[in-house]
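Proteins get letters first, then strands, A, B, ... in listed order; numbering begins at 1 in each.
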There are 2 protein chains.
Amino acid sequence: MKYNEFLKILSAFKEEFSRESLFENRDKIRVKKDSSVTKNLERIFDTTLVISNKKGFQAMTMRDLSREAGLSMGALYSYFSSKEVLLTMLQHHGRSITKNILERQIKIEKEPADKLITAIKIHLYLSEAMQPWFYFSYMEARNLSEQEQTRAIESELYTERIFEEILQEGEIAGVFQSGNHQLTAGIIKAMLQDWYLKRWKYAKRNISVERYAEYLTGMIEAFCLSPGN
Amino acid sequence: MKYNEFLKILSAFKEEFSRESLFENRDKIRVKKDSSVTKNLERIFDTTLVISNKKGFQAMTMRDLSREAGLSMGALYSYFSSKEVLLTMLQHHGRSITKNILERQIKIEKEPADKLITAIKIHLYLSEAMQPWFYFSYMEARNLSEQEQTRAIESELYTERIFEEILQEGEIAGVFQSGNHQLTAGIIKAMLQDWYLKRWKYAKRNISVERYAEYLTGMIEAFCLSPGN
DNA sequence: GTCTATACACAGATAGAC
DNA sequence: GTCTATCTGTGTATAGAC
C-alpha cells in the first residue's frame with residue numbers, strides 16, 4: 001500500500017469515528033453544544049501538541065495554550081477540569097484511533113509474511129500521519145498519573161504482542177525462522193519508533209516514509225524469513 | 001568482551017579522567033575547595049538524574065533537589081548559577097566520557113566486522129553502566145538552549161557516523177554488502193537507544209545486556225555481511 | 001561554604017459579568 | 001459559552017547570618 005492510499009483510509013475512518021472518538025470524554029466536558037465541542041476541542045488538542053512538542057507539556061502554561069488556541073483561560077477550563085485531565089484526554093484520543101486502524105488493517109491479510117509487512121507499514125504510516133501525537137505520547141508518558149501510565153504501558157506492549165504473534169504464527173507455518181520472537185518484536189518496535197521520534201533527521205536526509213518502510217521490511221525479512229522463502 | 005571486563009575499563013578510565021571531567025566546568029563554580037566540589041557535585045549530578053528521570057527535569061524543583069541531595073538551596077547555588085546551567089553541565093559531563101571511551105575502544109579493532117561488533121557492544125555497555133545519564137540526555141534534549149541543542153544533535157550524528165564509516169569501510173573490503181549505510185547506521189542507533197530507553201521492559205523480561213548485544217549483532221550481521229562471510 | 005529566611009514572578013484555577 | 005479579573009500556591013533565585 002502507498003502512503004496516499006492510507007491517508008484516504010485514515011480520513012474516512014476519522015470521519016466515521018469522529019463522534020465516538022472526540023466524544024469519548026464527553027461526560028468530562030461542561031460545554032453542552034456539540035458543535036462548539038468538535039470545533040474547539042480539536043483546536044485545543046492540536047495546539048497542545050504543537051506547544052508541548054516544542055518545549056514539553058509541563059513547560060507549556062495554560063496562558064500559552066490560551067493565547068495560541070485563541071480561547072480565554074475561562075473558556076479552556078470549560079473543556080477540561082485540569083491540565084492533567086487535558087493530558088489524559090489527549091492520550092486516550094490518539095490511542096483509540098491507533099488501535100482501531102491497526103487492527104482493522106492487519107485483519108485483511110492472511111499470510112504471516114504479508115501480515116508482518118502490513119503491520120510495519122501501517123504503523124509507520126499512522127505515525128507519519130499523526131506524528132505530533134505519537135511523539136507527544138512517547139515523551140509525556142512519565143507525566144501521566146500512575147493509572148494512566150499503566151494504560152500507556154499496556155498499549156505499548158499490546159502493539160509489540162501483535163508483532164510477536166505474527167512471528168510465532170509464521171514460524172509454525174514454516175515461513176519464518178525460529179528465534180526469540182519477543183525480542184525481535186521489541187526491536188521492530190524500536191525501529192518503528194525511530195521514525196516519529198527522529199523525524200527531523202529523516203526529513204533532512206530526504207527519506208520518505210515509503211523508503212523507510214521498504215528498507216525496514218528488507219532488514220526484517222533478511223533476519224526472519226526461512227531460507228528459500 | 002564481557003560486561004564485567006568493560007566495567008573495569010570504565011572505572012579505570014573514570015579514575016584517570018575524573019579531574020578533567022568533573023572540573024570541566026570549574027570556572028562556573030563559585031566554591032573554591034576542590035574536595036568540596038568532587039564530593040558535592042557528583043552527589044548533585046546523581047540526584048538530579050534520579051529525580052529528573054522520574055518526573056522530568058522541568059518538573060524537578062530546586063527544593064526537591066535540595067532535599068534529596070542533602071544540601072541547602074543556598075549551597076546548591078554555589079555550584080551553579082541557574083537551573084539551566086546545571087542542565088548544561090550535566091550534559092557536557094556525560095558526553096565527554098561517552099565520546100572518549102567509544103573512540104578509545106574502537107581504535108583497538110582492525111577488521112571492519114570486528115569494529116562493528118565492538119562499536120555496538122561498547123555503546124550498549126556504556127549505556128548500561130550510565131543508563132540514568134543516557135536516558136536523561138535523550139529525554140531532556142529539547143529543554144536545552146539553542147546552542148546546547150546543536151551540540152547534542154552533533155553528538156548524536158557523530159555516533160551515527162562512526163557506524164556509517166565502519167559499514168563503508170567494510171563494503172570496500174568486501175565483507176559487507178552494499179546498501180544505504182547512513183540509513184543502516186541510523187537503524188542501528190535506534191536499536192542501541194531502545195536498550196536504555198526501555199530498560200524497565202528488558203529488566204522485566206530478564207534480558208541481560210550481553211544477551212541483547214548478541215541478538216542485535218546477529219541481526220545486523222544477517223543484514224550486512226556479504227554472503228560467504 | 002553552608003545555612004535560613006525571604007523576595008518576586010508566574011503558575012493553575014475560578015468567580016462572576018456579559 | 002466565553003470573557004476579564006483575581007485568588008492562592010509554588011517556582012527560582014538571592015541576601016545576609018553563621
Side chain of A:Tyr77, heavy atoms from C-beta onward: which of D:dG1, C:dT14, C:dT2 has the nearest atom to it?
C:dT14

Length of the NZ-P vector between B:Lys55 and D:dT10, whole Å
12 Å

Out of D:dA13, D:dT4, C:dT2, which has the shortest distance to the side chain of B:Lys83?
D:dA13

Assuming nearest nucleotide by heavy-atom distance, tell me which of A:Ser81 and A:Thr61 is located more 5' along DNA chain C.
A:Thr61

Is it true that the NZ or CZ of B:Lys99 lies under 6.0 Å from the centre of B:Tyr158's six-membered ring and within 45 degrees of the ring axis?
yes

Measure the distance from CZ on B:Arg30 to P on D:dT14 and round it to the nearest whole Å.
8 Å

Taking C:dT2, C:dG12, D:dG1 as options, the one with an atom nearest any side-chain atom of A:Met62 is C:dG12

Expressed as a whole number of angstroms, how long is the span from A:Arg67:CZ to D:dT4:C1'?
17 Å

First locate atom OG1 of B:Thr61, then atom CZ of B:Arg67, and finally report the distance between them rounded to the nearest 0.5 Å.
6.5 Å

Whole Å only: how far is the CG atom of A:Leu65 from the P atom of D:dT2?
14 Å

In whole angstroms, how far is the P atom of D:dT12 from the CD1 atom of B:Ile51?
11 Å

Inspect the contact between A:Arg95 and A:Glu148 and indicate whether a charged nitrogen and a carboxylate oxygen are less than 4.0 angstrom apart.
yes

From C:dT14, D:dT12, C:dT4, pick the nucleotide closest to the side chain of A:Met73?
C:dT14

Rounded to whole Å, the CE-P distance (B:Met60 to D:dT12) equals 8 Å

Students often mix this up, so state it plainly: with edges at 30° and 60°, are the rings of B:Phe163 and B:His123 parallel, tilted or perpendicular?
tilted

Can you tell me the distance, in whole Å, between the CG atom of A:Leu76 and the C1' atom of D:dC3?
12 Å

Is a donor-acceptor pair below 3.5 Å formed from side chain A:Arg63 to base C:dG12, judging by atom type as modelled?
yes

What's B:Tyr79 touching, base or sugar-phosphate or nothing? Going by heavy atoms closer than 4.0 Å.
sugar-phosphate

When the distance from CG of B:Leu86 to P of D:dG11 is rounded to whole Å, what number comes out?
16 Å

Ring centres of B:Tyr135 and B:Tyr196 under 6.0 Å apart?
no

Check every strand shown and say whether A:Ser72 touches a base, only sugar-phosphate, or nothing at a heavy-atom separation below 4.0 Å.
base

Using a 4.0 Å heavy-atom cut-off across all strands, classify A:Asn40 as base, sugar-phosphate, or nothing.
sugar-phosphate

